[in-house]
Amino acid sequence: MGTKGKEKIITVLFWFSALIIIAILVGIIGYIVVKGISAISWDFITQPPSRAGKEGGISTTIIGTIYLTLVAMILAVPFGVGAALYLEEYGRKNTRFGYALKLTAETLAGIPSIVYGLFGFVFFVIFLNMGWSILSGGLTLAIMILPTITRTAQEAVIAVPQEYRSNSFALGATKWYTIKRLILPAAAPGIVTGIILSIGRAVGESAAVILTAGSSLGMPLNITDPARTMAVHLYILAMEGISMERAFGTALLIIVLIVIINYLANLSLRKLARQ
Amino acid sequence: MKIKLKSEEVKVFYKDFQALHGIDIDIYENRVTALIGPSGCGKSTFLRTINRLNELIQGTKTEGRIYLDQKDIYSAEIDVVALRKKVGMVFQKPSVFPMSIYENVAYGPKIHGIKNKAQLDSIVEKSLIAANLWQEVKERVHKPAAGLSGGQQQRLVIARVLAVEPEVILMDEPASALDPISTSKLEELIGELKKNYTIVIVTHNMQQAARVSDYTGFFLNGELIEYSKTKELFVNPRDKRTEDYITGRFG
């Protein structure tokens with residue numbers, strides 16, 4: 001067979017792989033939409049669940065999800081980005097400490113979430129006596145996503161051209177000024193990507209959350225209140241055979257919520273970067 | 001003629017490697033001083049001792065004294081930020097920041113606390129005019145600087161340096177990434193700038209050194225071999241090594 005023929009076959013094969021990926025994605029989302037759309041109504045979104053979720057809506061779990069994710073992000077983002085900035089801009093390069101931190105971050109990123117859940121349960125819920133609460137769950141999720149945020153922020157900061165720094169310093173800028181005005185804006189898209197990935201993980205997490213935030217159907221008001229997130233609600237609805245239709249409805253809303261949160265995160269952080 | 005900068009026994013070490021072996025040089029005010037020599041001879045390293053930029057490289061040690069207006073810039077009471085405000089630097093590769101032309105020029109003044117918009121506007125315009133860029137960009141100062149050509153970017157970088165009102169401008173092979181037309185524009189600009197500034201330029205290009213500078217120093221293996229008026233150095237080099245270099249026998 002000639003070179004041209006081979007090229008053609010390879011092109012078709014790659015095209016086919018791309019097609020399969022798209023088909024799977026569209027298939028799953030389409031299936032969830034078809035199965036879940038009938039459960040969704042205004043009441044489903046705005047009413048609290050009753051009779052263990054058989055009736056009513058899922059409003060408390062939506063609030064629980066947003067609340068928990070927000071707490072996790074507020075805890076994890078400053079520390080993650082701060083650690084990345086320390087490692088790349090302040091700390092000495094190529095030290096054992098930096099290497100150890102990089103290795104730790106990568107190892108931590110690979111630990112299954114249920115292990116984090118177990119740790120959070122023993123440490124925050126029982127040992128620190130925080131009980132099943134937004135706080136325990138938020139702390140556990142924060143620890144879980146911290147490695148991802150740190151590593152992506154680190155990569156984003158590394159990718160900022162070295163010349164920006166030397167030019168800025170040569171103009172008399174301090175490190176902090178350079179970071180604030182040049183490095184962070186230039187690294188923002190990369191950092192936002194890490195944050196969005198982490199939001200996705202936090203919103204979708206069930207195992208670690210069930211062990212640390214509990215599965216109460218009440219409306220979480222205080223940070224010390226327990227809460228059930230949408231993912232946990234979905235799990236319980238499906239596992240206990242309460243209602244498959246409502247489980248799919250919840251799944252659909254999780255996807256919608258993630259899309260909305262990503263959009264907002266993108267928008268606000270880009271705006272922040274421009275200032 | 002007033003001596004603006006004076007170095008005494010300047011030595012620089014990168015870990016175990018000694019890059020400069022005691023440099024003594026007088027640099028005159030409102031003159032262009034060119035530093036020439038083959039790659040790795042220490043001319044750029046010396047340039048970076050004048051604004052203490054070498055300090056940013058881990059494992060670098062500098063010895064000796066450099067006086068700017070009779071004040072030792074390596075003494076403990078010197079504030080590096082204030083020093084770098086007085087001694088600006090233009091790098092080899094024009095590096096515009098990912099922001100508008102205006103913001104690039106205003107970057108430096110803002111570091112030094114200028115916030116007033118009218119004042120910034122006037123600094124930006126003045127600096128762009130002084131860098132011979134105003135005519136080309138005045139309609140689009142709020143557009144991203146990345147849209148400028150290479151030569152324009154280098155002049156923007158110079159405008160950014162001028163905006164902090166330095167007294168000395170260090171240039172590290174500023175034309176090496178530019179095409180011939182942009183290079184001649186830059187050389188013309190250097191000739192204009194020396195009226196108000198003291199310029200030290202590192203260059204690979206001997207014709208350029210001959211064209212733009214009043215004084216020339218020849219560096220080799222971390223030593224200053226010869227330093228004199230540019231004409232003298234190129235016409236009547238005293239040292240055999242200088243002669244070999246400028247006649248193209250090595251380097």
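Lettering follows sequence order; numbering is per chain, from 1. Hydrogens, waters and symmetry mates play no part in the numbers below; they use all other heavy atoms, side chains included. Worth saying up front: this structure is predicted, and the values here are computed from it rather than measured.
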Counting only non-hydrogen atoms closer than 4.5 Å, does B:V157 touch chain A with its backbone (N, CA, C, O), its side chain (CB onward), both, or neither? side chain
What part of B:K86 lies closer than 4.5 angstrom to a heavy atom of chain A: side chain, backbone, both or neither?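 Contact with chain A is absent: no heavy atom of B:K86 under 4.5 Å.
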Measure the spacing between CD of A:Q162 and CG of B:L56 and express it to the nearest 0.5 Å.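 Answer for the CD-CG pair, A:Q162 versus B:L56, is 9.0 Å.
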Enter the distance from B:R48:CZ to A:S166:OG here, rounded to the nearest 0.5 Å.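 The OG atom of A:S166 is 6.5 Å from CZ of B:R48, to the nearest 0.5 Å.
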Side chain to side chain, [X] and [Y], heavy atoms closer than 4.5 Å:
X      : Y      : value
A:R181 : B:E103 : yes
B:M99  : A:L182 : yes
B:R84  : A:F169 : yes
B:R160 : A:N167 : yes
B:Y107 : A:T178 : yes

Over all atoms of both residues, closest heavy-atom pair of [X] and [Y]:
X      : Y      : result
A:L171 : B:F97  : CD1-CE1, 4.3 Å
B:I111 : A:A173 : CD1-CB, 3.4 Å
A:A170 : B:N51  : CB-ND2, 4.1 Å

Using modelled atom types and a 3.5 Å cut-off, is there a donor and acceptor pairing between side-chain atoms of B:H112 and backbone atoms of A:G172? no
